[in-house]
Amino acid sequence: MTNGQGVQGVAVSDGRMVAQSNSSGEFELISGTDRDFVFVSLPAGYEIQKQANGSASFFQRIDPTKSEQNISLI
């Protein structure tokens, strides 16, 4: 459990490009307009929150109408 804090060293990807989170859990990922989602690789010792339907909540949709976005995967 992170208690809302970011986790260092997490791999974040859009399926083509991969970035790693810094010591604050922040990352920068330059993604193409043909990518729909950004997702994380779950570090050892952590659990992913579940959506209402029971599936893992490890991704966020990329909004193709925005040139920049802030995405939180906590």
What distance separates [X] [atom1] from [Y] [atom2], expressed to the nearest 0.5 Å?
| X | Y | atom1 | atom2 | result |
| --- | --- | --- | --- | --- |
| Phe58 | Lys50 | CZ | NZ | 10.5 Å |
| Leu29 | Met17 | CG | CE | 7.0 Å |
| Ser24 | Gln5 | OG | CD | 9.0 Å |
| Gln8 | Phe27 | CD | CZ | 14.5 Å |
| Ile48 | Ser41 | CD1 | OG | 9.5 Å |

Find out if a path of hydrophobic residues (ILVMFWY) with successive side-chain heavy-atom gaps under 4.5 Å connects Val18 to Phe59.
-> no

State plainly whether one hydrophobic cluster holds both Leu42 and Phe37, where clusters connect Ile, Leu, Val, Met, Phe, Trp and Tyr through side-chain heavy atoms under 4.5 angstrom apart.
-> yes

Determine, step by step, whether Ser13 and Val38 satisfy the side-chain contact (heavy atoms from CB on, under 4.5 Å) criterion, reporting the C-alpha distance in whole Å, the side-chain angles of both residues, the deciding distance to 0.1 Å, and the verdict.
-> CA-CA 5 Å; Ser13 179; Val38 63; over 6 Å; no

Pairs involving residues 18-30, ordered by first then second residue, that meet salt bridge (charged side-chain N to carboxylate O under 4.0 Å, His left out) (sequence neighbours left out) =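 Listed once each, the pairs would be none.
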
Taking every non-hydrogen atom, the tightest pair across Arg61 and Gln69 | O-OE1, 4.2 Å

Minimum heavy-atom separation for Asp14 to Ile30, with atom names?
-> OD2-O, 4.4 Å

So, does Ser21 use its side chain to make a donor-acceptor pair with the main chain of Gly9 at under 3.5 Å?
-> yes

